[in-house]
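In what follows, chains are A, B, ... by sequence order, proteins preceding strands, each numbered from 1.
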Amino acid sequence: MPAFDIAAIEQKWQDQWDKQKTFVVTEDPTRPKFYNVQMYPYPSGELHMGHLRNYTYVDLLTRYKRMRGYNVLSPMGWDSFGLPAENAAIKTGTHPREFTEAKIPVMKDQLRRLGAVYDWTRELASHSPEYYRWDQWLFLQLWERGLAYKKKAAVNWCPKDQTVLANEQVVDGLCERCDSVVERRELAQWYFKITEYAERLLDDLSQLDEWPDRVRTMQENWIGRSEGARFDMQVADTDLSFDVYTTRPDTMFGMTFAVLAPEHPLVEQLVAGTDVESEVNDYVKQALLHSDLERMSEADKTGVFTGRHAINPATGKPVPIYVADYVLMGYGTGAIMAVPGQDQRDWDFATKYGIDIVRTVQPPEDWEGEAFTGEGPAINSGFLDGLDVDEAKAKTISWLESEGYGEGTVNWRLRDWLISRQRYWGSPIPMVTCDDCGLVPIPVEDLPVLHPDVEDYAPQGESPLAAVPEFVNTTCPKCGGHAKRETDTMDTFVDSSWYYFRYCDPHNSEQIFDPEKVKYWMPLDQYVGGVEHAVLHLLYARFITKVLFDMGLSPVQEPFARLFTQGMLVKDGAKMSKSKGNVVSPDHYYDRYGADAIRLYELFIGPPTDDAIWSDRGVEGTSRFLDRVWRMGVGESGDLVDRPETDDDVEVLREAHRTIERVTNDIDRFSFNTAVAAMMELSNTLMSYLRSDAGARRETFEEAYGYLLRMLGPMAPHVAHELWEITGGGSMLATEAWPEWDPEMVKRDVVTLVVQVNGKVRDKFEVAVDISEEAAVELALGSERVQSFLGDAPPRKVIAKPPNIVNLVAG
RNA sequence: GCCCGGGUGGCGAAACCGGUAAACGCGACGGACUUAAAAUCCGUUGCCCUCAAGGGCUUGUGGGUUCGAGUCCCACCCCGGGCACCA
């Protein structure tokens, strides 16, 4: 049990921070700004230890940077639209709004209990009309710029959540949220044209040098730039043709067949009226029925011959055209030239269906594999023979271009962002379909388009809003005639793609935000969140920021200057989560150890980027540390004496200065665990000092202890503030300056000189830091132990790096 | 298959530029205080041989570079993550 009344102290200081508006900020050009944000949470009202880890990091930074003299903006808001609230509401029979708005105060209280401080005057919630009005406004801006469009296409459908999903929300063929097998449906949906920004999104990754490499790599992979060629293939005996995309134009002479994706629009025409028509159509139908997951898990490639041939432009010879589901409609042109000699997939297909295989790259002599995808000279390739792969690619592309068959192109894996959802609890899309004018946007002055209350929120394949005639039937803003409202709502990732702009000016009812305020705060100096958003939120947010930049509203092209993705908290071998049933609720720990011990343990548990395993014992350790600090502060660990300063006293102070240096550097490089360790060491030093024979000199102890408290302020704020006040430091530690170390005090004048023989430590000496090389070597050679290892002969070689090491190589 | 991380005591980990491997914490063991326990305080704690003095070994495995390697290079094994019938 702690030596102090945790509950009273926590309550007291949480009230003080609130009342004194300690962390409420405005733009202040005289101070450097620090904009510090944690990815805004869904207000579940159920924080567990895993969540607290992030909140602790962000709060530590807020408090630390404030003490370092920064004007720190650390706001908080709620990702309050979306399926969790809607599903919970359906289950409990309440309105999603009621459900959500009941949880927000619970969540705020949980954050308060941790001692996390925010500028609450800037709180926002995406489900409030004041917020989603600007979602809708943003949508209309994208529409005007041609970046929002509606199109019918095969889309990902989650049968459980009863809505479509963006590509980013499908993981291995399963719904990212609920793990259902994703089906495909042909539906008209709304998209944002993120592909138009593919190149900028890729190129600007190189500016993000304070992002984790792995997140940048994940985005790079997701955007998926590839270089190749696109060219036209004539279908023999018809006037039909189709485009293919390849990254290996150099292998064109080896094309022995062509493949169309089952969804390819040409398939129907190719076989119409032929005797394979029904066979091909059956295959296509089968393929469409299968989910991507099923298609991918089939070991064997399947396909069917269309009876048609295409002309290989390189050889002028006809090659059979197949339909096969290993070719995807969504990538490239949905049609390929198949080169079994150089592509394993094509090899597999060719051997199964008895198609010719021609090698066009010479494999090494000892080659025993099937398709050869490596480097080598071109063979069987006419004018390309003898060229290496890169030369042959270039030559083929210029040949294609000069002959008018096609051209070199860049292809992207990234698809447009599907943003419409067939659910209730999201921002309604502000569009109508007029009987006469077609798609017409709602005028901005009529925003927001509000949710009507509906009887039944349960999803039924289309938005519940579609069941409300008063909502659906409206007049066309353009012609006044009859029109129907769009009933789909927006993906909640639209809400979260710009909320950090809104924090800068959260109550603006005239515009989405004041660009001047945004200019002061943006970009975020620190953004903290889970790596699970690497290609979801973080990609969408970068895209929307670039759109806002192009509109002249954002001062930056990249919103997040520094990104930190924390590791997970693991218990019983799994990520702590409600669905796994392994959550550790903080309540018991708050009561027993207090918020500060929890915070310290969250910091101390391991490197912030790594996954960590929750341990009850760990909290006991940090709690004990806090107790020791407390007892030293209130005079229970030893008495102070007034006496002249000795060398030993100075050494204690030096240790304190070294700790300041270590802790400051550790926090700056996000090494919170070692920062805590350094403070534990200082606390141990002070404890020994109090218990030393000479006793602790009052002035020295108080100075060193004061440094310790100030450093503890951002980490264990309640206890540190209370002790700061008790020991006469002042009434508000949070607004004190972070201590600075004196470079003179940090210097050591005596260090350990290690003497090695053949690289093995044989002796050690305490020496002056400025010891000369000669003196160090002399000392080393004078050691009896060293001599016993050297034998009679003088060392063959002497390496001296004074004052740290002398290594003697025996002769 | 390709691309990123990572592998160090009984456990969580530290070692920032190639220079004493294991800081700090947990656990364990011993001691002080106590009638006793808890709490607290003091000490020991990588492994092996040894009464000891002392010695040997040790950062996934095997090689290499270097006076010196947890750290750099090569090959491999294992774990985690990303991408992947992407032409």
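Side-chain N/O atoms of A:Arg624 include one lying less than 4.0 angstrom from OP1 or OP2 on B:G27. Not one side-chain nitrogen or oxygen of A:Arg631 sits closer than 4.0 Å to the OP1 or OP2 atom of B:A39. Between A:Lys760 and the phosphate of B:C57, there is a side-chain N or O to OP1/OP2 separation shorter than 4.0 Å. Within the structure, a side-chain polar atom (N or O) of A:Tyr331 is placed less than 4.0 Å from OP1 or OP2 of B:A87.
The base of B:C83 is not paired with the side chain of A:Asn221 by any donor and acceptor separated by under 3.5 Å.
Residue A:Pro607 is in sugar-phosphate contact alone, with no base atom involved, counting any heavy-atom pair closer than 4.0 Å across all strands shown. Heavy atoms of A:Thr674 sit under 4.0 angstrom from primed sugar atoms or phosphate atoms, though from no base atom. Base engagement by A:Lys764 is indicated by at least one non-hydrogen atom pair under 4.0 Å involving a base atom. No engagement by A:Arg230 is indicated, since no non-hydrogen atom pair under 4.0 Å with the nucleic acid exists. Using a 4.0 Å heavy-atom criterion, one finds that A:Val244 contacts no nucleic acid atom at all. Contacts of A:Met687 with the nucleic acid, taken as non-hydrogen atoms under 4.0 Å apart, involve only primed sugar atoms and P, OP1 or OP2. Across all strands, A:Arg669 comes closer than 4.0 Å to base atoms (heavy-atom distances). Looking at heavy-atom distances under 4.0 Å, A:Phe789 makes contact with sugar-phosphate atoms alone, never a base. Contacts of A:Thr609 with the nucleic acid, taken as non-hydrogen atoms under 4.0 Å apart, are absent. As judged by a 4.0 angstrom heavy-atom cut-off over every strand, A:Arg214 is placed among residues touching the sugar-phosphate backbone only. Among the atoms of the strands shown, none is found under 4.0 Å from any heavy atom of A:Asn411. Across all strands, A:Asn665 comes closer than 4.0 Å to no nucleic acid atom at all (heavy-atom distances). Note on A:Leu328: a base of the nucleic acid sits closer than 4.0 angstrom, heavy atoms only. Nucleic acid contact class of A:Gly621 (heavy atoms, under 4.0 Å, all strands): sugar-phosphate only.
In B:C17 the base sits syn relative to the sugar, since the glycosidic angle is no further than 90° from 0. Under the 90° criterion around 0 for the glycosidic angle, B:G9 counts as syn.
Using a cutoff of 4.0 Å between basic side-chain nitrogens and carboxylate oxygens, A:Arg562 and A:Glu210 are scored as salt-bridged. Between A:Asp213 and A:Arg216 there is a salt bridge, since a side-chain N of the basic residue sits under 4.0 Å from a carboxylate O of the acidic one.
Heavy atoms only, all atoms of each residue included: A:Val319 and A:Met255 are closest at CG1-O, 3.5 Å.
Partner assigned to B:C24 is B:G12, using Watson-Crick or G-U wobble distances below 3.5 angstrom. Both distances falling under 3.5 Å, in either a Watson-Crick or a G-U wobble arrangement, occur for no nucleotide opposite B:A52. Checking B:C83 for Watson-Crick or G-U wobble geometry (two distances, each under 3.5 Å) identifies B:G1 as its partner. Pair check for B:G43 finds B:C29; Watson-Crick or G-U wobble, both atom distances under 3.5 Å.
The separation of B:U71 from B:U45, taken at their P atoms, amounts to 27 Å, rounded to a whole angstrom. Only the C1' atoms considered, B:U35 is 32 Å distant from B:C26, to the nearest whole Å. Rounded to whole Å, the C1' atom of B:G12 lies 25 Å from the corresponding atom of B:U61. Look at the C1' atom in both B:G7 and B:A14: the space between them is 16 Å, to the nearest Å. B:U8 and B:A23: their C1' atoms are spaced 14 Å apart (whole Å). Comparing the same atom, C1', in B:G63 and in B:A15 gives a spacing of 25 Å after rounding to whole Å. Spacing between B:U58 and B:G64 at atom P, rounded to whole Å, works out to 15 Å. Spacing of P atoms, B:A87 relative to B:U66, comes out at 43 Å, to the nearest Å.
When each of A:Val761 and A:Trp412 is assigned the nucleotide of RNA chain B bearing its nearest heavy atom, the one mapping closer to the 5' terminus is A:Val761. Place A:Asp213 and A:Arg785 on RNA chain B by their nearest nucleotides, and A:Asp213 ends up nearer the 5' end.
For A:Asp610 and B:G7, the CG to C1' distance is 12 Å, given to the nearest whole Å. Put simply, CD1 on A:Ile613 is 20 Å from P on B:G25, counting in whole angstrom units. Atom C1' of nucleotide B:C3 and atom CG of A:Leu205 are separated by 15 Å, given to the nearest angstrom. A straight line from CZ of A:Arg592 to C1' of B:A39 spans 12 Å, rounded to a whole angstrom.
Taking the ring centroids of A:Tyr353 and A:Phe305, they lie at or beyond the 6.0 Å cut-off. Aromatic ring centres of A:Phe372 and A:Trp347 lie farther apart than the 6.0 Å criterion allows. Aromatic rings from A:Tyr57 and A:Phe670 are positioned such that their centres are separated by 6.0 Å or more.
Using a 30° and 60° split on the angle between ring planes, A:Trp614 and A:Tyr601 fall in the perpendicular class, above 60°.
Of the possible donor and acceptor atoms, one in the side chain of A:Tyr283 sits under 3.5 Å from a partner among the backbone N and O of A:Thr302.
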